[in-house]
Q: 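Please find one structure pasted underneath; my questions will follow.
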Amino acid sequence: MQTRRVFPFAWSALLCGLTLAVGGSARAQTPQTSWQRSVEASGTVLYGAASQRVLNGLLALSSESDARQLRADLQTGYGDAIDLVTRERRVIVRNTRGTFGIDLTPRARWSPFAFGLAETSLQQRLAARVSAGAGGKFTAWRPDSVRAGFQEDASMSLAFLSEQTRGLGQTDSTRSAGVGTRHRWSLRLRYRTRVGDALRFSHLTLYQPTVDRVARYTMESISTLAVPLRSALELTLTHRERLDSEARDRGAPSNRDGQLLFGVRASF
């Protein structure tokens, strides 16, 4: 009973963040900012001795001013492989993830934020995972200017979130480990910079242990190199790795889910 009462608090925090952002923007006399949009397609293909393909798509939307930053993205992935003996094709990757976040006073050294996430994943045996929370961000380094739409900074943040997970194949009568409600701390480290004039680098590490047990955690690491081709087009190389200490409890073959992807990103 207590768990069911605590979980809605994170949703309340997210709704409060929305209210503050909308109310603050109505009162603040700041210049209007345009929305930044990007579309990215990436993937890997193996052929010959092995026949495998993984494709990913990403849609991102953001807007930033002195008073607030809004961001949302939708990511989806699909992959399959052919058994060279039986010639049967089977799905090995299928996932969808949507996120939404609000930062208040994002250009200040300290800024509060709220966020929400919903995802599914065949690899980690997630039928549905929904979470929401709120916290604060500290920006340790940021140049005075943002060049060509690429933001450079180094920051860390700490938040609290509540999460509800349902495993693939789970029913009310067949409850299993690795599902249910979790309350987590969320520690995020992010670094974005330019390497010369032609290369852009970004890295994000996210560590989310449960409040009552540090060994029960999720972790995500994303590193991206981008080479601009034109003002709104760039080539990307991304290494993404996700860890879930309870994935095998839900029937996943591994707690680790890693991908190395080559892609093209367009911003407009």
Side-chain angles (χ1 to χ4, degrees), residues 7 39-47 49-60 72-100 115-132 161-182 184 186 204-210 215-224 236-265:
F7 181 66
V39 179
E40 182 174 353
S42 58
T44 58
V45 177
L46 300 179
Y47 60 93
S51 180
Q52 178 178 311
R53 60 190 179 186
V54 177
L55 303 175
N56 276 268
L58 174 65
L59 299 174
D73 63 67
L74 177 64
Q75 175 186 316
T76 184
Y78 173 84
D80 57 30
I82 297 178
D83 188 311
L84 298 182
V85 177
T86 64
R87 309 306 300 176
E88 294 182 352
R89 184 180 296 276
R90 62 186 181 89
V91 178
I92 57 174
V93 173
R94 187 174 62 240
N95 58 268
T96 302
R97 170 184 285 199
T99 65
F100 178 78
F115 61 93
L117 176 148
E119 67 175 327
T120 66
S121 174
L122 172 66
Q123 308 90 283
Q124 296 188 324
R125 297 301 186 267
L126 291 173
R129 170 173 283 170
V130 180
S131 63
L161 65 92
S162 287
E163 170 189 285
Q164 183 69 38
T165 298
R166 182 166 57 86
L168 285 174
Q170 175 196 4
T171 65
D172 292 338
S173 59
T174 59
R175 296 286 178 179
S176 61
V179 299
T181 301
R182 301 286 185 265
R184 301 182 184 273
S186 178
L204 180 145
T205 295
L206 188 65
Y207 173 58
Q208 296 178 328
T210 58
R216 188 167 59 189
Y217 66 91
T218 61
M219 190 171 183
E220 183 171 4
S221 175
I222 304 174
S223 298
T224 300
T236 61
L237 172 62
T238 301
H239 176 258
R240 178 187 302 127
E241 186 165 1
R242 293 171 181 164
L243 298 174
D244 186 333
S245 64
E246 298 181 283
R248 296 186 67 179
D249 294 335
R250 294 189 298 270
S254 174
N255 289 338
R256 185 186 303 268
D257 178 24
Q259 296 180 5
L260 182 63
L261 300 165
F262 299 86
V264 178
R265 180 189 299 157

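Just so you know, these numbers come straight off a predicted model, no measurement behind them.
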Q: Knowing that exactly one of Gln124, Arg256, Arg125, Arg129 qualifies, which makes a side-chain hydrogen bond (donor to acceptor under 3.5 Å, both in side chains) with Asp244?
A: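 Among Gln124, Arg256, Arg125, Arg129, the one meeting side-chain hydrogen bond (donor to acceptor under 3.5 Å, both in side chains) with Asp244 is Arg129.
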Q: Any side-chain heavy-atom pair from Glu246 and Arg182 closer than 4.5 angstrom?
A: yes
Q: Any side-chain heavy atom of Leu122 sitting closer than 4.5 Å to one from Val93?
A: no
Q: Using a cut-off of 6.0 Å, state whether more than 12 heavy atoms not belonging to Arg94 lie near its atom CZ.
A: no
Q: Which distance, rounded to the nearest 0.5 Å, do you find between the OG1 of Thr205 and the CD of Glu220?
A: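 One finds 9.5 Å between OG1 of Thr205 and CD of Glu220.
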Q: Which atoms form the tightest heavy-atom contact between Gln75 and Leu58, and what is the distance?
A: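 That would be CB-CD1, 3.9 Å.
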Q: Quick check: do Ser186 and Leu206 have side-chain heavy atoms less than 4.5 Å from each other?
A: yes
Q: Where do Ala72 and Phe100 come nearest, in terms of heavy atoms and distance?
A: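 In this case the closest contact between Ala72 and Phe100 is CB-CD1, 3.9 Å.
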Q: Is the shortest side-chain heavy-atom distance between Glu119 and Leu126 below 4.5 Å?
A: yes
Q: Using every non-hydrogen atom in the two residues, find where Gly77 and Asn56 come nearest and quote the distance to one decimal.
A: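 Taking Gly77 first and Asn56 second, the nearest heavy atoms are CA-OD1, 3.6 Å.
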Q: I want to check something: taking the side chain as every heavy atom from C-beta on, are Asn95 and Arg97 in contact at a cut-off of under 4.5 Å?
A: no
Q: Tell me every residue that passes side-chain contact (heavy atoms from CB on, under 4.5 Å) with Arg248, counting only those two or more places apart in sequence or in another chain.
A: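 side-chain contact (heavy atoms from CB on, under 4.5 Å) list for Arg248, sorted by chain: Asn255.
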Q: Within a strict 4.5 Å, meaning less than it, do heavy atoms of the Ile92 and Gln123 side chains meet?
A: no
Q: Hey, does Thr44 have a side-chain heavy atom less than 4.5 Å from the side chain of Gln259?
A: no
Q: Using the ring pair (Phe, Tyr, Trp, His ring centres under 6.0 Å) criterion, which residues pair with Tyr78? Sequence neighbours excluded.
A: none
Q: Could you pull out the closest heavy-atom pair between Leu84 and Ser51, with the gap in Å?
A: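 Closest heavy-atom pair between Leu84 and Ser51: CD2-CB, 4.2 Å.
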Q: Arg166 versus Val179: any side-chain heavy-atom pair under 4.5 Å?
A: no
Q: Of the non-hydrogen atoms in Gly43 and Leu261, which two are nearest, and what is the gap between them?
A: CA-CD2, 3.9 Å
Q: Between Leu237 and Leu260, does a side-chain contact (heavy atoms from CB on, under 4.5 Å) hold up when you go through it step by step?
A: CA-CA 7 Å; Leu237 172 62; Leu260 182 63; 3.8 Å; yes
